[in-house]
Amino acid sequence: MLEDDRGALRRRFLPIVLCIVIGAGLGVWHNSAVARGSSDPFTTVARAVLAPLVSASGAVANWVGGTIGSLGQARRLARENASLRRTVATLTDEVHGLRESAITARRLQAQLGFLTANEPPRLPARVVALKPSAHVATLVIDRGTRSGVRSGSVVLAPDGIVGHVIDASPTASVVLLASDPRCAVGAMVQRAQSRAAGVCRGAGRSTLRLGYLSRDADVRTGDVIVTSGLGGAGGIYPKGLVIGSVTRVAEDLATSAKVATVRQAASPDTIEEVVVLR
Amino acid sequence: MKPGVGLRRGAAAVSIAFVADMALGSRMVVWGVRPDLTLAVLAPVSLLIGRASVAWLGLLAGALQGSFASVAFGSLSVSRSVAAWGVGMLEERLFRDSLAVAAAAGFASALGADVLFFVFAPQPYPAEYAYMAVGRALYNMALAVPIWAALRPVFPRSV
């Protein structure tokens, strides 16, 4: 009788005890591999096998959604197209002007003896999975160490920074989004009259909190915030990349320093392609 | 159903659900809440198999999610294992044919997994986390019913 009870208990509780031990062990193994800048074999195999399947499923869903969505929207698309053509013409003019300014700035920097950093090579990548876990703001891209991506590589979208790579396996990499509370980026106000510097930390839902500002920092709603090239996440973000724009400025009651809420420029919820700075 | 057959079918269902979750989950956001499709399939599968060994399916689900999320790998694996085990232990098949229990299992497994995850890996904004966890549990509850109905023929009482 006692033997039967023991057997029943073992049948009920042995699987969960083993799963807890193995799950925790896998977690420790994974974390230590990531800390070394590599990836554990389970993760490497899972990503190598499943990432192409996820990518293909996403492409099919996109195609179906796009086909259905575009039906009956021809008139709106034509209007939008005309508006975009006008915007492109305006921006092309602006680009020509900015190119001239950049050439002049580079020439003057050279004359004054400034050290100029080389532009890191850019690698296009496709987003395979967006926020794979509801608890962590990460995304998976289809490029890994075989393409030169490494832990710490900065990831950009056309509108601004997306985040940085925290785990690179041979064929895919995981990017920690700038809006995740674990991500901190050295930041400053782009406006020439201000240049107030602080640290942007993720606050969830595509927003960041710009803190560590001085009490008299000149920060206003609408200000564009760019990376300062200092501190945050080991100082891996080069200077001058757009983070987002200020939506609210408040005072921290504890320190009476200013704190700004920043809306991330690149919308991670709709992102499909990114560029990796290697 | 033979334990091995049920677990193999369950593993296939959870893996397919995970791929669908990664590919489609971000397009299914309602009021800022995204469902956990992997858990939404894991709960009915655990209910239909109805054994303590479904904890292994929870471990598979958590490890797959952890391999793509990279952060909190262990917390994801353990919380999913416990959630699956809890549903599987509903007195071994006694409740497997109830639609209401399938919905309740979808809700409880999602909420339970999120609560356990919070215990293992505390999050910086608890109020927002709680809102998302409850929203996700309700979303998963709604999804669990059709998923349970679709999977029921795949997991008969005897294979």
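Lettering of chains follows the sequences in order, A, B, ..., and the numbering in each one begins at 1.
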So which residue, [options], ends up with the most heavy-atom pairs under 4.5 Å with chain A?
options	result
B:A133, B:A55, B:G58	B:A55
B:M132, B:R136, B:R27	B:R27
B:T38, B:D21, B:V78	B:V78
B:A63, B:G62, B:G25	B:A63

Checklist entry - Knowing that exactly one of A:D167, A:T138, A:N31 qualifies, which makes a side-chain hydrogen bond (donor to acceptor under 3.5 Å, both in side chains) with B:S70? => result A:D167
Gap between atom [atom2] of [Y] and atom [atom1] of [X] - 0.5 Å precision:
X	Y	atom1	atom2	value
A:R248	A:T207	CZ	OG1	11.0 Å
A:N62	B:L24	CG	CG	9.5 Å
A:I243	A:Q264	CD1	CD	9.0 Å

Checklist entry - What heavy-atom pair brings A:S133 and B:L76 nearest, and what distance separates the two atoms? => result OG-CD2, 3.8 Å
Checklist outcome for this item: Closest non-hydrogen atoms of B:A105 and B:A43, given as atom of the first, atom of the second and distance, are O-CB, 3.9 Å
Which atoms of [X] come close to chain A, meaning under 4.5 Å heavy atom to heavy atom: side chain ones, backbone ones, both, or neither?
X	value
B:F120	neither
B:F68	both
B:W56	both

Checklist entry - What is the ring orientation for B:F117 with B:Y129, classed by angle as parallel under 30°, tilted 30 to 60°, or perpendicular over 60°? => result parallel
Which bit of [X] is near chain B, if near means a heavy-atom gap under 4.5 Å: side chain, backbone, both or neither?
X	value
A:R47	both
A:D180	neither
A:A203	both
A:V34	side chain
A:T43	both

Next on the checklist: Using side-chain heavy atoms (C-beta onward) and a distance below 4.5 Å, is B:F107 in contact with B:N140?
Outcome noted: no
